[in-house]
Amino acid sequence: MIQESDLIASDILYEWLLRRGDTALILGHRVSEWCGHAPVLEEDIALANIALDLIGQARLWLGYAGEVEDKGRGENELAFLRDAWDFRNVLLAEQPNGDFGKTLMRQFLIDAWQDALLSALKTSANERIAEIAVKAGKEVTYHLDRSSDLVIRLGDGTQESHRRMQAALDALWPYAGEMFSADAVDEAMAAAGLAPNPQTLRPGWDETVGEVFKQATLTQPQSDFAHKGGLTGRHSEHLGHLLSEMQFLQRAYPGAAW
Amino acid sequence: MIQESDLIASDILYEWLLRRGDTALILGHRVSEWCGHAPVLEEDIALANIALDLIGQARLWLGYAGEVEDKGRGENELAFLRDAWDFRNVLLAEQPNGDFGKTLMRQFLIDAWQDALLSALKTSANERIAEIAVKAGKEVTYHLDRSSDLVIRLGDGTQESHRRMQAALDALWPYAGEMFSADAVDEAMAAAGLAPNPQTLRPGWDETVGEVFKQATLTQPQSDFAHKGGLTGRHSEHLGHLLSEMQFLQRAYPGAAW
Amino acid sequence: MSEEERAFQERIDRGEKIEPTDWMPEGYRKTLIRQIGQHAHSEIVGQLPEGNWITRAPTLERKVILLAKVQDEAGHGLYLYCAAETLGVSRDELIELLHAGKMKYSSIFNYPTLTWADIGAVGWLVDGAAIMNQVPLQRTSFGPYSRAMVRICKEESFHQRQGFDIMMKMAGGTPEQHRMAQDALNRFWYPSLMMFGPSDKESVHSAQSMSWKIKINTNDELRQKFVDQTVPQAEYLGLTVPDDQLKWNQEKNGYDFSEPDWSEFFEVLKGNGPCNKERLDARIKAWEDGAWVRDGLMAHADKSTVARTAAE
Amino acid sequence: MSEEERAFQERIDRGEKIEPTDWMPEGYRKTLIRQIGQHAHSEIVGQLPEGNWITRAPTLERKVILLAKVQDEAGHGLYLYCAAETLGVSRDELIELLHAGKMKYSSIFNYPTLTWADIGAVGWLVDGAAIMNQVPLQRTSFGPYSRAMVRICKEESFHQRQGFDIMMKMAGGTPEQHRMAQDALNRFWYPSLMMFGPSDKESVHSAQSMSWKIKINTNDELRQKFVDQTVPQAEYLGLTVPDDQLKWNQEKNGYDFSEPDWSEFFEVLKGNGPCNKERLDARIKAWEDGAWVRDGLMAHADKSTVARTAAE
């Protein structure tokens, strides 16, 4: 069996795992904020389910990250005892829910990316990564089916639903590019055969979302401008507020077991 | 000079001081949430000013409470390191801002009460209380002038502004009664000549707000029902969320000086 | 009693299930719609007090468990609305009645969840009381309701165990955690007792409902059973039930206990609970904010039908 | 140049103040409206990044100081809108131009405040740069603008000291606090240098504005002055200015330093800064949500006028 330590420095792997875990965690947290407030009961169920899947995935990635870091931190220490600048989620994940259309569009853009990423990770030379990718991949494929379907139905629904979906797309598009940006961490992971270079995922993603937008009668923005920083810890103002809530109990009662 | 310790048990005085300090702190916090989002620039200024006054008052009350408690806790330990159940503010203070009308109505109902209370406290047998009451009283009298004036102008403005002010009054009225409830703490304070029994403030308050509502063409709700619990630490669900934000830095970086 | 009514009662007495297409008295239908609808509404509104702590769950595992629980509850709401729909009332009609204040949901959800221990107490006490009410309803006479109850009870008892597990951690944790656990018990004890409703002596509908097997046990029977089951659990947790009068009564082989303050119960029912307005406002806001989504989905479905028809 | 224009320029050259009722060239008026309006908008939008930390200020004293500062800034906005109004444009017109994207505010406020140290850095660097710009403007040729600047500069220098005080606490605090302080300097250094605008060589309006004394110093002069003032302060704090090229130049008696990335400047100006959309959306939302308040106050004022007139 190949040890990941043979393939890559542990700090690079750790950093990369945080990007996976934090993105799942923060997006899952945002989705969970909907609890009890969805537009229709079926969506209450679906949103709870997606949040549950995502936080489940976060546990796998962060648990592994903690092992790789090897400083005795587990999923909970990583989730609840880091401040914003140590989080490595993409900015898109932390964007506020807005209306249901914005939440849905955020989910769709990320689902399509996660689906491509996890699909590639199934053949990672790192067994743990491949294992997690198989498990998470099944869930995310379902998420993508659902979000594609809803984007199409609401994009091509009433004038009002079309308007809201287009507004959501326009507002979130500048946050899509970060998902495909590559830095030294990504390049090292790719070189070691542990993960795809994110840039290689873009053409497939473009095709997936392009096809959905067409069916949804939505106009894909032309701008290439992309907000960046989340993957290296430079976040929007939103993340700090999210964390102050998420981390309250662990911060206020240090050392307690729950 | 009479020592307050001659007049009353320190735990009762402490409890009573927390009620003053926490109400000012939590209301001030709520008002400060408006920063940069007021309907008109003059109100941005006024709201910042009111928040500033209230938090200033909280510092005086909580600072004194810390001395009375005599466990080495100052204003910051009391503000930032107690959880919700140890807060003693009236429930009205922690109610969410809602629209400007709701914020204004909450302020008016509390201003009219604080004004009466502080006015009575100027003659407290406890010098510190009397001193604080003199200083805070001036500020609160100005707050009451402003909020009365605005309630009248918006109550008797457009149909829409009238509707919103009436809705605010109807929603908040059930939280007014708590300000005049009296328990053993209040009775002990009153018996010692340190503070009025809150019940005695009601008739004057009724007159003040009744006159303003008349001029504002607002209908005062008839119900006597009053939500209670804030003064004894049984709060609404809102306070915990407020504190998770307010206390974040002190919780996340224990022991740091700022 | 008419011939039909007599035959209907005999079917029930024989333990047969009534199905939606069977003849049934109007009162039976109405009572069931009210009861199932209120139960469905309770599942939906019940998401809110728990949702209040999802974003603050103290560990990722607890967060996942709570999400799964809330998801189950929304699912229960769905089964129950479906069961009600078989009686000729739509989900939207029921929701509109809820929003108009013309239908109730369980008053327990008008109490706030103030600490993490409350999430434990809701599972342990509130779900515990709910199960006590629901287990007998698996044998209720109306088929769809009975079948929904079978599924629901299985999941609810799982939730109750999870709630008790939280209470164990909290009661046996740090002094602050123990204090939270005791505080939660103090606040939820009497409201949980109220969940069984006032003494049957006060209730006019009970006799009819019992003969229809819409109601199986009396409120007082169930309340006694709940107390008898819960007090030893509280003792096991090292928590004190907030009732000075609580005492084992050897003779009746059960506990003597204080009645809840029924004036509080009626106040909450009237709308004066700590969270009535917030809960209903939150649901109405969700419904209104979501109108464009429901309209959009409907419009798309219509377009698709037209497209399919044209293609045929 | 017409006779009037010549006389106008001579008044300015003599150091006389131009008052609102005096004759002035259209270009002078327009440039001033743009400049004062943008300055006013900056004060208003500038509340938002600081407001982001008011609810999380780490001590009550810090919270009070920050509230007072933000209140001052709203006050500055008020003076400046008043100064602009003397030129024949209303506050509401200016605000509408802002909301329509037809007027700018200082790009620095399109950067987020991510830690408490950012509040220090905003005071130290952003207010520091603003003062550097504003002190000479106390001598600007337009009377109302000049007088507004006198009041504003006094308060701003107070704010800058408070910001520096926060930085001292942070830089000299725990390792995490020091890290926050360094991180804040890293993020705010170049955006602060950008506050002086691109090199004057690039700027077409500069020469005219300088002869009108609407602009007193060149952008490069002020930037150099800011760097020379700030670098020793950073050293005093034990923080590292994020510029490898930074070096004392004995010959010019000032620092050599790297230019900011002007492509970033123009991107932010175009709307692609980290917070452009959020800042403008927040202001538009405040304005729209507040429409009923402004309408209500107006309606009441009208009623009162009618009532007074009738009573006379």
Side-chain angles (χ1 to χ4, degrees), chain A residues 25 28-49 51-53 55-56 58-59 62-63 74-76 78-80 99-101 104 150 152-165 242 245-250 252-253 255-258, chain C residues 40 44-75 77-78 81 91 95 115-116 166 169-170 172-174 176-177 180 279 282-283 285-287 289-301 303-304:
Chain A
L25 175 61
H29 183 96
R30 280 287 186 225
V31 175
S32 82
E33 292 173 356
W34 273 96
C35 175
H37 304 89
V40 55
L41 188 48
E42 284 78 359
E43 285 306 312
D44 267 318
I45 296 174
L47 290 168
N49 188 250
L52 199 159
D53 286 346
I55 291 170
R59 296 180 68 194
L62 294 180
E75 59 180 53
N76 288 319
L78 290 175
F80 295 104
D99 67 2
F100 183 78
L104 172 62
L150 278 175
I152 292 169
R153 287 156 73 194
L154 291 175
D156 184 23
T158 59
Q159 268 198 333
E160 173 69 0
S161 73
H162 178 85
R163 185 189 66 74
R164 285 179 183 254
M165 294 312 296
L242 183 158
E245 170 145 340
M246 185 175 98
Q247 300 181 334
F248 179 74
L249 283 178
Q250 289 273 358
Y253 300 95
W258 303 90
Chain C
I44 303 313
V45 177
Q47 294 179 92
L48 298 172
E50 295 188 310
N52 185 41
W53 282 91
I54 284 181
T55 52
R56 288 177 292 175
T59 70
L60 295 184
E61 188 182 6
R62 291 285 178 203
K63 196 189 290 268
V64 164
I65 292 172
L66 184 54
L67 274 164
K69 181 183 177 195
V70 174
Q71 189 190 0
D72 284 347
E73 281 158 2
L78 208 54
Y81 284 124
R91 195 206 302 182
I95 288 174
T115 76
W116 174 251
I166 292 178
K169 278 278 190 196
M170 298 295 285
T174 66
E176 289 92 347
Q177 286 177 305
M180 285 185 203
R279 299 291 187 238
R283 288 306 308 164
K285 183 171 190 311
W287 190 247
D289 287 355
W292 72 270
V293 177
R294 298 189 302 275
D295 292 346
L297 296 178
M298 198 87 81
H300 184 83
K303 287 186 201 177
S304 306

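Here the structure is a predicted model, which means the values were calculated and not measured. Chain letters run A, B, ... following the sequence lines, proteins first, then strands; residues in each count from 1.
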Chemist: C/Thr59 versus chain A, heavy atoms under 4.5 Å apart: side chain, backbone, both or neither?
Modeler: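 Backbone plus side chain of C/Thr59, per the 4.5 Å heavy-atom cut-off to chain A.
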Chemist: Would you say NZ of C/Lys285 has more than 12 non-hydrogen atoms from neighbouring residues, nucleotides or ligands within 6.0 angstrom?
Modeler: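 No - once you tally the heavy atoms of other residues, nucleotides and ligands closer than 6.0 Å, there are 12 at most.
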Chemist: Given a strict heavy-atom distance threshold of 4.5 Å, which part of C/Ile44 is in contact with chain A: side chain, backbone, both, or neither?
Modeler: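 Only the side chain of C/Ile44 comes within 4.5 Å of chain A.
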Chemist: Work out which heavy atom in A/Gly157 is nearest to a heavy atom in C/Lys303; give both atom names and the distance.
Modeler: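 Nearest pair, atom of A/Gly157 first, then C/Lys303: O-NZ, 2.9 Å.
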Chemist: For A/Arg164, is it the side chain, the backbone, both, or neither that has a heavy atom closer than 4.5 Å to a heavy atom of chain C?
Modeler: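 The side chain, not the backbone.
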Chemist: Taking all atoms of both residues into account, what is the closest heavy-atom pair of C/Pro58 and A/Gln250, and its distance?
Modeler: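 That closest heavy-atom pairing would be O-NE2, 2.7 Å.
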Chemist: Heavy atoms only, distances under 4.5 angstrom: which of C/Ala74, C/Gly46, C/Gly290, C/Ala301 has the most pairs with chain A? Name it, please.
Modeler: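 If we count pairs closer than 4.5 Å to chain A, C/Ala74 comes out on top.
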Chemist: Which atom names give the shortest non-hydrogen contact between C/Val64 and A/Gly56, and what distance separates them?
Modeler: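 Minimum heavy-atom separation between C/Val64 and A/Gly56: CG2-N, 4.1 Å.
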Chemist: Can you tell if the side chain of C/Asp295 reaches within under 4.5 Å of the side chain of A/Glu160, non-hydrogen atoms only?
Modeler: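 No, side chains not in contact.
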Chemist: Distance from C/Ile65 atom CD1 to A/Ile55 atom CD1, nearest 0.5 Å?
Modeler: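 The distance works out to 12.0 Å.
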Chemist: Go through C/Thr55, C/Thr115, C/Ile166 and name the one with the most non-hydrogen pairs under 4.5 angstrom from chain A.
Modeler: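 It is C/Thr55.
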Chemist: Among C/Leu60, C/Asp72, C/Leu78, which residue has the highest count of heavy-atom pairs closer than 4.5 Å to chain A?
Modeler: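 So the answer, after comparing C/Leu60, C/Asp72, C/Leu78, is C/Leu60.
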Chemist: Taking only Lys NZ, Arg NE, NH1 and NH2, and the carboxylate oxygens of Asp or Glu, determine whether A/Glu42 and C/Arg91 approach each other closer than 4.0 Å.
Modeler: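 C/Arg91 and A/Glu42: salt-bridged.
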Chemist: Atom CH2 of A/Trp258 and atom CZ of C/Arg62: how far apart are they, to the nearest 0.5 Å?
Modeler: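 The distance works out to 10.5 Å.
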Chemist: Within this structure, what is the CD1-SG distance for the pair C/Ile54 and A/Cys35, rounded to the nearest 0.5 Å?
Modeler: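 The CD1 atom of C/Ile54 sits 3.5 Å away from the SG atom of A/Cys35.
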Chemist: Is chain C contacted by the side chain of A/Ala79, its backbone, both, or neither, given a heavy-atom distance below 4.5 Å?
Modeler: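 Just its side chain gets close to chain C.
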Chemist: For A/Arg153 and C/Met298, indicate whether the former's side chain and the latter's backbone hold a donor-acceptor pair under 3.5 Å.
Modeler: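 Not confirmed, A/Arg153 side chain does not pair with C/Met298 backbone.
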Chemist: Rounded to the nearest 0.5 Å, how far apart are CD of A/Gln247 and CZ of C/Arg56?
Modeler: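 With rounding to 0.5 Å, CD (A/Gln247) is 14.0 Å from CZ (C/Arg56).
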Chemist: Which atom pair, heavy atoms only, marks the closest approach of A/Ser161 to C/Gly296?
Modeler: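 Reported closest heavy-atom pair: OG-CA, 3.8 Å.
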Chemist: With a 4.5 angstrom heavy-atom cut-off, which part of C/Val70 approaches chain A: side chain, backbone, both or neither?
Modeler: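 Just its side chain gets close to chain A.
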Chemist: So what's closer than 4.5 Å to chain A heavy atoms on C/Ala291: side chain, backbone, both or neither?
Modeler: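 Contact with chain A involves no heavy atom of C/Ala291 at all.
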Chemist: Quick check against the 3.5 Å criterion: does C/Arg294 have a side-chain atom that pairs as donor or acceptor with the backbone of A/Pro39?
Modeler: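 At least one qualifying donor-acceptor pair exists.
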Chemist: Between A/Leu25 and chain C, with a heavy-atom cut-off of 4.5 Å, which part of the residue counts as in contact: side chain, backbone, both or neither?
Modeler: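 For A/Leu25, side-chain heavy atoms alone lie under 4.5 Å from chain C.
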Chemist: Where does C/Glu61 contact chain A at under 4.5 Å (heavy atoms): side chain, backbone, both or neither?
Modeler: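 Backbone plus side chain of C/Glu61, per the 4.5 Å heavy-atom cut-off to chain A.
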Chemist: Using 0.5 Å steps for rounding, measure from the CD atom of C/Gln47 to the CG atom of A/Leu41.
Modeler: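 One gets 7.0 Å once the value is rounded to the nearest 0.5 Å.
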Chemist: Please classify the contact of C/Trp287 with chain A as side chain, backbone, both or neither, using a heavy-atom distance under 4.5 Å.
Modeler: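 The answer is the side chain of C/Trp287.
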Chemist: Measure distances from C/Leu48 to the heavy atoms of chain A and classify the residue's part below 4.5 Å as side chain, backbone, both or neither.
Modeler: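 Contact with chain A is through the side chain of C/Leu48 alone.
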Chemist: Got a second to check how far C/Leu297's CG is from A/Leu150's CG, nearest 0.5 Å?
Modeler: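 Those atoms lie 6.5 Å apart.
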Chemist: Between A/Ile152 and C/His300, does the side chain to side chain contact (heavy atoms under 4.5 Å, CB included) criterion hold? Intermediate values first, please.
Modeler: CA-CA 9 Å; A/Ile152 292 169; C/His300 184 83; 4.1 Å; yes
Chemist: Hey, are the side chains of C/Gln177 and A/Tyr253 touching, using non-hydrogen atoms and a 4.5 Å cut-off?
Modeler: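 No, their side chains stay 4.5 Å or more apart.
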Chemist: Is any side-chain heavy atom of C/Asp289 closer than 4.5 Å to a side-chain heavy atom of A/Asp99?
Modeler: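 No - every pair of side-chain heavy atoms lies 4.5 Å or more apart.
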Chemist: Heavy-atom pairs under 4.5 Å with chain C: which of A/Thr158, A/Asn76, A/Asp156 has the most?
Modeler: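 Max contact count across the listed options: A/Asp156.
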